[in-house]
Amino acid sequence: MPEITKERILREAQEITGGSPTPERAEELAGILNVLFAALDEASANVPFEAEPASLHTALDQLARD
Amino acid sequence: MSTEIPTAIPSDILSSSLVDIAEAIRSKKLSSVEVVSASVARAEKLQPVLNSFTQLLGEEALDDAKKADAELARGELRGPLHGVPMAHKDMYYRAGHRTTCGSKIRKDYIADTDSTALKRLLDAGSIYLGGLNMAEFATGPTGHNAHWGDNRNAWNPEHIAGGSSSGTGSSVAARIHFGGLGSDTGGSIRIPSSINGLVGLKTTNGLVSRYGVMPLSFTMDTVGALTRTVRDNALLTAIMAGQDPLDATTSHRPVPNYEAAMAKSIKGLRIGVPRNYYYDVTTPEIKALQDASIAAFRDLGAEIIEVEVPDMNLPTHMSNIVFNAEAVTYHGKWMRERPGDYQAQVFSRYEPGLYMPAEKYLKALASRVDLLRDFCDKVFSKVDVLHTPGLSIGVPSLADTDVEAGQGMPEMVARLSWTTRSNNYLGIPSLAVPCGFTADGLPAGFQLMGRPFSEAQLFQLGHAYQGVTDWHQKLPTLAS
């Protein structure tokens, strides 16, 4: 079941942009977003989200080899 | 524009390295006026061919050169770049001056502040030659620009200059000047570096201040230079790097002595060659050039080790989520009010962000450190650096990549940034280095990526490679 559909984009577009993409473009956008969201599910599978996420800059500093 | 060109300019002035030309000016073998005049003359001559500049400030640069020579005559040295002309991607703000960002929307924008990176280069004595053409708002890997005209490749003007730092790539390759700023959010320094036969550094996030730089994706944007030699790049990086009170994300780490690092042997350093992902879309011709560069490193005494890398599609996709969300944070108002003032291909790159739920953006950000640790664990526990193609394919023509927002656009962007995009999400440094030419006479490059803040080691390896190869000394026909 895709998370974002063409219909949802067309519905929200008017409110967000004041305009509306063509149905073909809405379908393309939904396709792009759904690929990204599927990857996100995989990438974030083991991230607990129970505390503020670690800072990238702190991690970069820790992972540097001095 | 009137420019007073001295009559006796040694023909190789503009083919010198930045380090050598700075020394020649410092030691008064050449005046800044001679060098700047030569730069301006070549810039004017090649502008109709390459379209590298959005604004060429020849008279202003010559006035500054005269001041630099007068200072030197009085024994005053501003810094290691005294009197050296440089031009930069037109997105680095100078208070009171125009910064176009390669756009229609900001074509007359007058900045009210100075970019820290640019200011440090100017404070070191460099002369500002002008603003360089770029992809609109630094968005796009080809150098097409409907507002300012397409930027063309110095090695063959029918081919792309790469993007988004297209003008820096074409102008440095054409020997108009010696090095300049680009910016890299997904490969925008490394792609034009590989495409133009140049050295380009994507710095570790936090090494160089982004203050006063047009943002694109504010957690992934990085500042760095494109040059012809690794040593030149190390000099510029050393000048720009270091903590900046105006950019809270800059690192407090001391800036290493890159020059000392480059003097060391690379014997025993471990270079990883990826078994998976990075060669998935690489053409055989590019693969052969990569193999030759790896052989050169082996001959220099480096240990070559094959490594399995994590699934790089994940950080690449995560970078797209972050990019979309952050780009519309900056562009959303203009996208709603002035959609027609964007090129279709740029608007369409940001458009998914308009429908990006906050939950997805925050999850992508929150996953970043996990993916970074995983990459460092799987790769940098086994090798010191990872060697990959800088660009997976030969340099495409302008016509073949002029896809506007058409069906082929996402695929074209993905192919051109196949090896680069993930690094901006992970935050790690990467150095692009030229490694030869394809049969059509266009350049190719490799990329070395390392642990966070390992720029010194990347310079060490790149400098050693350039010591045994001469790709960086080859001249495009129009510059010879």
Side-chain angles (χ1 to χ4, degrees), chain A, chain B residues 204-207 219-220 248-253 256 311 313-318 320-321 324 328 332 335-337 339 348 351-357 359-373 375-377 380 384 405 407 410 425-428 450-454 457:
Chain A
M1 176 82 176
E3 289 199 48
I4 297 262
T5 60
K6 171 179 80 173
E7 290 73 21
R8 179 172 160 187
I9 286 177
L10 288 170
R11 210 167 43 241
E12 292 179 356
Q14 196 64 37
E15 195 176 329
I16 294 171
T17 68
S20 190
T22 63
E24 293 76 23
R25 178 62 181 156
E27 184 146 25
E28 196 174 35
L29 285 167
I32 290 167
L33 288 165
N34 285 321
V35 167
L36 298 180
F37 296 164
L40 179 61
D41 287 343
E42 191 179 339
S44 63
N46 297 317
V47 182
F49 303 115
E50 287 178 353
E52 186 179 342
S55 149
L56 176 73
H57 291 279
T58 304
L60 288 169
D61 202 49
Q62 289 169 348
L63 290 164
R65 182 188 291 151
D66 294 313
Chain B
T204 305
N205 294 37
L207 182 73
T219 69
M220 297 197 298
T249 65
T250 47
S251 168
H252 289 251
R253 296 173 152 267
D311 178 5
N313 287 300
L314 289 184
T316 298
H317 285 320
M318 296 307 97
N320 285 327
I321 292 176
N324 286 150
V328 296
M335 289 175 76
R336 282 185 284 273
E337 294 174 359
S348 74
E351 202 176 8
L354 294 169
Y355 308 100
M356 182 73 69
E359 171 211 350
K360 304 297 184 187
Y361 169 60
L362 291 171
K363 272 187 169 173
L365 279 185
S367 303
R368 205 166 176 183
V369 168
D370 273 27
L371 292 186
L372 168 64
R373 287 190 189 284
F375 187 83
C376 287
D377 184 49
F380 297 129
D384 296 301
Q407 286 255 308
Y425 178 76
L426 298 175
I428 58 177
R451 278 183 176 274
F453 299 104
S454 66
Q457 193 162 69

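Residue numbers begin at 1 in each chain, while the letters A, B, ... track the order of the sequences. Everything numeric in this text was worked out from a predicted model, so none of it was measured.
When heavy atoms are compared at a cutoff of 4.5 Å, A:L33 approaches chain B solely by way of its side chain, counted from C-beta outward. For a residue to count as touching a neighbouring chain, one of its non-hydrogen atoms must lie under 4.5 Å from one of that chain's; by this rule A:A30 does not touch chain B. Neither the backbone nor the side chain of A:E52 comes within less than 4.5 Å of any heavy atom in chain B. If you measure heavy-atom distances from B:L426 to chain A, the contacts under 4.5 Å come from the backbone alone. At a 4.5 Å heavy-atom cutoff, the contact between A:L29 and chain B is made by side-chain atoms alone. For B:N313, no part lies near chain A; criterion is any non-hydrogen pair under 4.5 Å. Only the side chain of A:I32 has a heavy atom closer than 4.5 Å to any heavy atom of chain B. Of the atoms belonging to B:N205, heavy atoms from both backbone and side chain fall under 4.5 Å from chain A.
Side-chain contact between A:F49 and A:S44: present, with at least one pair of heavy atoms (C-beta onward) separated by less than 4.5 Å. You'll find the side chain of B:C376 reaches within 4.5 Å of the side chain of B:P452, heavy atoms only. The closest side-chain heavy-atom distance from B:D384 to B:R451 is not below 4.5 Å. Contact annotation: the side chain of B:I428 never approaches that of B:T204 to less than 4.5 Å [non-hydrogen atoms, C-beta and beyond].
With a 6.0 Å cutoff to the six-membered ring centre and a 45° limit on the axis angle, B:R253 counts as a cation-pi contact of B:F453.
Interface summary for chain A: among B:M356, B:Q457, B:E337, B:M318, the most heavy-atom pairs under 4.5 angstrom belong to B:M318. Options B:L314, B:L371, B:N320 differ in how many heavy-atom pairs under 4.5 Å they form with chain A, and the most are formed by B:L314. The residue among A:T58, A:L36, A:I4 with the most heavy atom pairs within less than 4.5 Å of chain B is A:L36. Contacts with chain A were tallied for B:E351, B:H252, B:H317, B:M335; B:E351 has the most, counting heavy-atom pairs under 4.5 Å.
Judged by distance alone, the side chains of B:T219 and B:R368 do bring a donor and an acceptor atom under 3.5 Å apart.
Without hydrogens or angle criteria, B:Y355 side chain to A:R8 main chain gives no donor-acceptor distance under 3.5 Å.
Of all heavy-atom pairs between A:T17 and B:R336, the closest is CA-CG, 3.7 Å.
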